[in-house]
Structures are given as structure tokens and as C-alpha cells.
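It should be emphasised that the depicted structure is a prediction, and the values quoted were computed from it without experimental measurement.
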Amino acid sequence: MPKRLLIIEDNRSLVTNLFAYLEPRDYAIDAAQDGQAGLQLALKADYDAIVLDWMLPRLNGEDVIRELRARGRHTPVLMLTALDDLAHKIAGFRAGVDDYLTKPFAVAELEVRLDALILRSKGRGQVLQVADLRYDLATQEVTRAGTPLQIYAGGKKLLEGLMRASPAVVPRARLESILWGDDPPDRELLRSHVYELRKSVDGAFATKLVHTVPKVGYRIAMLEPES
């Protein structure tokens, strides 16, 4: 299965070279030439990795990665930039990038770094856990406090999206995209799916993990009791 890559870079000749090198090596690539367009793509689709330039029109790379992380998106990001001083490297990592490669660079090194990021990401993601809720992606088994939970396929998609983002709030539009792609049905249908998921995850337990954030979305988290 091809690895899905998003390249956010305004240098067209560089993007063309990356397409030419990576596509024959089992990468399916999307590209954006400014930070705002790249951010929208990164929020709309699920990528295995993102290559992100720092100096971009409309929204710079540092702001793009901060917004992604603030919205609970943990896609591995490699910052690819001509800014090679230590201060920018530190700022990039603090903003949330996973790797940093400076221009000029060897495309073969970029490929190796991307492969490593994707492999580590998939390895970390085999088991998701929030409090006593555990989802083994390899076996598709969901348990809470050791008790198996019965959750249908669509509910598991929803659960994975919420658990990967935890404790952040996942917007309704993002959850609709997880379930139905670019063509969501009636908005009330998401409410029904969350209701069924909440029954499975919280129904038999005193501590509730599935929370509604009015007018925004939903999240799975262990919240402190109100004083």
C-alpha cells in the first residue's frame, strides 16, 4: 500500500524533483504551495508523513505545525528548510516537528528519514490507550479495565480518531471526514454514532471518558472532577 505524503513547499522545481524521486518508491503524494492550503489538506486527509518548508506564503511552517498539533493531529512532520541555525532548529522541534533537514540536501537522505518517521509512527500507534480504555489496532480488540467492549467497525474508526487526538477536542467536521470522507450525510448522524460509542465505552463505568464540547466537537479524556 503506498505511503501517503503531503509536501508543503513553494519551490515548484523542488516539488517536481521530489515527485519524480519518491513516486516510483511507493509514495502517493499531494502538494501545496502555501501554508494555508497545506494546513487545510493536512487537516482534511490522513497522511503517513508531511514534508514542510518553513518560509511559506500566507502561513509559515512554524504556524502550520503549531496549528496541526493544537488540533490534535500527530502526523509525523519533517521540516525541510534553508534555515540551518540552531535557534530555528530548536524552535521547530518545540513547535512539534519530528525531524529537521536543511537545504541543500540529498533526496536519498530525505527518503530514509521519511521511512524512519513513518515506521516509528506506525509502531507507536499499534496500541492506543486513554486511562483504562485500550484499543489494540493490530487485533482490533477494545477493552476497558480489562473488559472487552463490542464496537462496530464505524465506531472503531471514530474511537481511533478520538484516542489518537486525546486529550484534545476533535472538531465535528474532522470526525465526519473520518467516517464518511468528503461526502458526510446529515449532521445528526454523527451524534447517533457518538451516542452508540458512548454507550459502549462509558455505559458500565462510573468514570466517563467520552465528552461533548458544545458547538465544537468531541473528545476522549479523563477529566478532573469539577470542584
Kindly work out whether a path of hydrophobic side-chain contacts (I/L/V/M/F/W/Y, heavy atoms less than 4.5 Å apart) joins Val213 to Leu43.
no

State whether the side chain of Asp202 and the backbone N or O of Leu209 hold a donor-acceptor pair below 3.5 Å, judged by distance alone.
yes

What closest approach, in Å, do Ala32 and Leu41 show between heavy atoms, and which atom pair accounts for it?
CB-CD1, 4.0 Å

Heavy-atom pair with the smallest gap, counting every atom of Arg113 and Leu101:
NE-CD1, 3.7 Å

Answer yes or no for Arg25 and Tyr21: cation-pi contact, defined as NZ/CZ to six-membered ring centre under 6.0 Å and angle to ring axis within 45°.
yes

Identify whether Leu117 and Tyr100 are in the same connected component of the hydrophobic contact network (ILVMFWY, side-chain heavy atoms under 4.5 Å).
no

Polar side-chain atom of Arg69 near backbone of Arg73 as donor-acceptor pair, under 3.5 Å:
yes

Answer with yes or no whether the hydrophobic clustering places Leu22 together with Val112; edges join I, L, V, M, F, W, Y residues whose side-chain heavy atoms lie under 4.5 Å apart.
no

OG1 of Thr75 to CG of Leu6: how many Å apart, nearest 0.5 Å?
9.0 Å

I'd like to know whether Tyr218 forms a side-chain contact (heavy atoms from CB on, under 4.5 Å) with Leu162, so could you lay out the CA-CA distance, the side-chain angles of the two residues, the decisive distance to 0.1 Å, and finally the verdict.
CA-CA 8 Å; Tyr218 301 90; Leu162 288 166; 4.1 Å; yes

Are any side-chain N or O atoms of Thr102 and backbone N or O atoms of Asp84, one a donor and one an acceptor, separated by less than 3.5 Å?
no

Donor-acceptor pair, distance only, cut-off 3.5 Å: does the side chain of Asp53 make one with the backbone of Thr81?
no

Within the distance-only criterion (no hydrogens, no angle test), does the side chain of Glu67 pair as donor or acceptor with the backbone N or O of Val64 below 3.5 angstrom?
no

Leu5 side chain near Ile7 side chain, heavy-atom distance below 4.5 Å:
yes

Do Met222 and Val194 land in one hydrophobic cluster if side-chain heavy atoms of ILVMFWY residues count as linked below 4.5 Å?
yes

Say whether, by atom type as modelled, one donor and one acceptor occur between the side chain of Arg134 and the main chain of Gln129 under 3.5 angstrom.
no

Looking at Leu149 and Phe205, what are the two nearest heavy atoms and their distance?
CD2-CE1, 4.3 Å

Working for salt bridge (charged side-chain N to carboxylate O under 4.0 Å, His left out), residues Asp136 and Lys156
CA-CA 11 Å; Asp136 189 320; Lys156 286 180 177 177; over 6 Å; no

Would you compute the distance between atom CG of Leu39 and atom CZ of Arg58 and round it to the nearest 0.5 angstrom?
10.0 Å

Indicate yes or no for a side-chain donor-acceptor contact from His74 to the backbone of Arg164 under 3.5 Å, with no hydrogens or angles considered.
yes

In Å and rounded to the nearest 0.5 Å, what is the CG to CG distance from Leu18 to Leu114?
9.0 Å

Assess the residue pair His193 and Tyr152 against the criterion (ring-ring contact (aromatic ring centres under 6.0 Å, His included)); give the C-alpha distance rounded to whole Å, side-chain angles, the decisive distance to 0.1 Å, and a yes or no.
CA-CA 10 Å; His193 281 268; Tyr152 64 100; 5.8 Å; yes

Which atoms form the tightest heavy-atom contact between Trp54 and Glu62, and what is the distance?
CZ2-OE1, 3.4 Å

Taking atom CG of Asp99 and atom NZ of Lys89, what is their separation to the nearest 0.5 Å?
10.5 Å

How about Glu196 and Ile151: do any of their side-chain heavy atoms sit closer than 4.5 Å?
no

Shared hydrophobic cluster, Val77 / Val15 (ILVMFWY, side-chain heavy atoms < 4.5 Å):
no

Looking only at heavy atoms, which two atoms of Val201 and Arg144 are closest? And how far apart?
O-NH1, 2.9 Å

Tell me yes or no: between the side chains of Glu160 and Tyr135, is some donor less than 3.5 Å from an acceptor?
no

Test side-chain contact (heavy atoms from CB on, under 4.5 Å) on Val216 and Arg172; report intermediate values, then the result.
CA-CA 6 Å; Val216 181; Arg172 290 180 57 95; over 6 Å; no

In the structure I gave you, are the side-chain heavy atoms of Ile29 and Glu23 within less than 4.5 Å of one another anywhere?
yes

Note, Leu158 side chain near Leu179 side chain (heavy atom, < 4.5 Å)
yes

Quick one: does Tyr47's side chain get under 4.5 Å of Ile118's, heavy atoms only?
no

Under 3.5 Å donor-acceptor, Thr16 side chain and Arg12 backbone
yes

Decide side-chain contact (heavy atoms from CB on, under 4.5 Å) for Asn17 and Val107; before the verdict, give the C-alpha distance in whole Å, the side-chain angles of both, and the deciding distance to 0.1 Å.
CA-CA 9 Å; Asn17 289 339; Val107 185; 5.6 Å; no

How close do Asn60 and Asp63 get, counting heavy atoms only, and between which atoms?
OD1-N, 2.8 Å

Should Lys3 and Asp48 be marked as a salt bridge (charged side-chain N to carboxylate O under 4.0 Å, His left out) after you check the CA-CA gap, both sets of side-chain angles, and the distance that decides it?
CA-CA 6 Å; Lys3 292 163 281 191; Asp48 293 304; over 6 Å; no

Tell me, yes or no, whether the heavy-atom count around Gln150 atom CD, taken from other residues, nucleotides or ligands under 6.0 Å, exceeds 12.
no

Between Thr212 and Arg219, is there a side-chain donor-acceptor contact under 3.5 Å, judged purely by atom types and distance?
no

Can Asp30 and Arg4 be said to form a salt bridge (charged side-chain N to carboxylate O under 4.0 Å, His left out), step by step?
CA-CA 8 Å; Asp30 291 332; Arg4 296 200 64 193; 3.4 Å; yes

So, taking the atom named CG in Leu14 and the one named CZ in Phe19, what distance separates them when rounded to the nearest 0.5 Å?
11.0 Å

Measuring from Glu188:CD to Leu190:CG, what's the distance to the nearest 0.5 Å?
9.0 Å

Min side-chain heavy-atom separation Ile50-Leu78 under 4.5 Å:
no

Would you say the side-chain atoms of Ser166 pair up with the backbone N or O of Ile220, donor to acceptor, closer than 3.5 Å?
yes

Evaluate the side-chain contact (heavy atoms from CB on, under 4.5 Å) criterion for residues Leu56 and Asp34: first the C-alpha distance (whole Å), next the side-chain angles of each, then the deciding distance (0.1 Å), finally the verdict.
CA-CA 5 Å; Leu56 291 165; Asp34 66 74; 5.6 Å; no

